[in-house]
Every structure is written in C-alpha cells, then in structure tokens.
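There's a structure below that I have some questions on.
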Amino acid sequence: MLSTITLRKNMKTAIITGASGGIGKELVKLFLTNNWKVLAVSRNTKALEDIKHKELIVLEADINKKEDREKIEKLSDTLSPIEVLINNAGKLLNKPFSGIDEKELQEVYSANVFAPFHLIQRLLPQLIKGERGHVVNIGSMGGFQGSVKFAGLTAYSSSKFALAGLTELLAEEFKDENISFNCLAIGAAQTEMLAKAFPGYQAPLTAKEMASFIFDFATKNAKFINGKVIPVSVTTP
Ligand SMILES: NC(=O)c1ccc[n+]([C@@H]2O[C@H](COP(=O)([O-])OP(=O)(O)OC[C@H]3O[C@@H](n4cnc5c(N)ncnc54)[C@H](OP(=O)(O)O)[C@@H]3O)[C@@H](O)[C@H]2O)c1
C-alpha cells in the first residue's frame, strides 16, 4: 500500500503532441509503460482508443488553433508540474518551391514553428514548477546545417531550422530557470509521414525504435544537456 502511494506521488507527467500515429503514438506507449502520466494531444483521437491505460489522458486538439491550445493549457494546470513536453506534431509538405502558395507555407510553419512557440509559452509555468522541466522539440535532419538536403522540402526543412533556432534561444532566455530546451534533428523513421514524402523508401528505423531513443533522451538528459540541436542520424553527412 505504502509503495503504491509513493509510486503515485513520484509519478511524472509528459505532454506529447502528434500522438495519434507514427513516433508520437509509440512515445505515448513508452511513457505509460515506464510509469508516467501522459497527456496525448492530436486531432484524431480514435487512433489512440486501443491504448487502455488509467494514466493516459487523450485530448482532441489541433495545435494550430488558439482555442485548442487553451484546452491543453487548462488541462496541464490540473496535472502540474509537467516534467516533459515533446513537440512532436509536425506537418510535411513535399512540393517544388515555385508552386508553394501562401496558405501551404502558413500551414507548415504553423504546425512546426508557431504552435510549439505558443504551446511552450502557455505551458512554461507548469514546466518550471517541478524538479527540472524538459522541452524536446522534434526537428529533422533536413533542418540541420550541413546535412543532405532534398528538393521539394523548402517549406518543411526551413521550418525545422526555425524550430532548432527557437530551441537555442529559449535555452538562453531561460538559462536561470528550472528547465532545459533541446531539439532532436531526427533522421528517417518508417511512419505515414515518411511514406507520403518518400514513397517506396525504406527507413533504417521503425517509429518504435526512434521513439525509444527520444524517450531516453527526454527523461534522462534535462540536467546534462540544454540548448542543443542534436542530429539523430547514422548517415553522413
Ligand atoms: N518519420 C520521419 O522520418 C521523420 C524524420 C524527421 C522528422 N520527423 C518529425 O517527427 C515528428 C513525428 O513525425 P511522424 O513521422 O511520426 O509523423 P506522422 O506519422 O505523420 O504523425 C504526425 C502526428 O502529428 C499529428 N499532427 C499533425 N498536425 C497536427 C495538429 N495541427 N495538431 C495536433 N496534432 C497534429 C498527427 O495527428 P493528427 O493528424 O491526428 O492530428 C500525427 O499524430 C514530426 O515533427 C516530423 O516532422 C519525422
């Protein structure tokens, strides 16, 4: 009985966006298996119905919408403190540069840069309340200096560069607070997004394998690493 109470008291909370599939859903499962409470955010919540767990809170929300971000903030107040926020939701556009219209560019930047920006702003008070908060932004090798680049990804990869930059700036601005900000510039993992962007290409990693790296990084490194953009890739350059 006592050990159950102690366990519950020590239970930490993670918020994961883009939780309905790919890497995000695998992350949700990993956090739960490792005794974390999880707030899983995505537009499609049906895809999470097969995960039955008492510490899972599923929130139907579009991170691009202000009113939905407010829902996330409200819920996070009740879960405080938040130890980990993983900005995993992302939008990919594979289209020649000249054909990209304003709306498409806006959509990509909204999901990959503006929404994480606003969410971090809103969740900051809960993230600095605990032992040490960790914001992990999921970037891309396409948004990492010196990596191989692909035609058609100007909007997507440049937005991931912006997310990486945001990470470094937040680490500087909040260096005296109880929080770390890092960006994982991940390489290819086999997900729906990758299959859509590169039909026929087989990634060297599954979503589960990539999630397991992200989980370890997010839960163990807040004290040691801050303000870094880390390439998670086995290929060169
Ligand atoms: N897979 C790769 O090879 C690869 C490589 C580099 C970087 N990444 C990055 O890794 C992250 C995860 O990608 P993935 O491959 O796992 O993609 P995925 O399978 O397409 O999953 C993306 C998730 O983001 C959610 N999402 C998208 N827009 C959203 C919004 N406006 N509000 C809430 N949720 C939203 C989607 O859920 P709903 O549609 O239900 O909302 C979905 O659960 C992304 O940031 C991606 O850019 C992936």
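Each ligand, and each atom within it, is numbered from 1 in the order the structure gives. Heavy atoms only: backbone and side chains are in, while hydrogens, waters and symmetry mates are out.
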Practice problem: Applying side-chain contact (heavy atoms from CB on, under 4.5 Å), name anything that partners E131, two or more places apart in sequence or on another chain. | Solution: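 Here the qualifying residues are K12, K223.
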Quiz item: Are K74 and D77 close enough for a salt bridge, meaning some N to O gap below 4.0 Å?
Solution: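 No, no charged N to carboxylate O under 4.0 Å.
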Exercise. Considering only NZ, NE, NH1 and NH2 on the basic side and carboxylate oxygens on the acidic side, decide whether K29 and D50 come within less than 4.0 Å.
Key: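 No.
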Exercise. Check the angle between the aromatic planes of F31 and F215 and answer parallel, tilted or perpendicular using the 30° and 60° thresholds.
Key: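 Judged by the thresholds at 30° and 60°, the geometry between F31 and F215 is perpendicular.
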Quiz prompt | Atom-level proximity to ligand 1, residues with heavy atom under 4.0 Å | solution =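 Residues G18, A19, S20, G21, G22, I23, S42, R43, N44, A61, D62, I63, N64, N88, A89, G90, I138, G139, S140, Y156, K160, I186, G187, A188, A189, T191, E192, M193, L194 each place a heavy atom under 4.0 Å from ligand 1, listed by chain and number.
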Exercise. Describe, in one word, how the ring planes of F174 and F181 are oriented to each other, choosing from parallel (under 30°), tilted (30 to 60°) and perpendicular (over 60°).
Key: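 Rings of F174 and F181: tilted, 30 to 60°.
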Practice problem: Classify the angle between the aromatic ring planes of Y201 and F198 as parallel (below 30°), tilted (30 to 60°) or perpendicular (above 60°). | Solution: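 It falls in the perpendicular class, over 60°.
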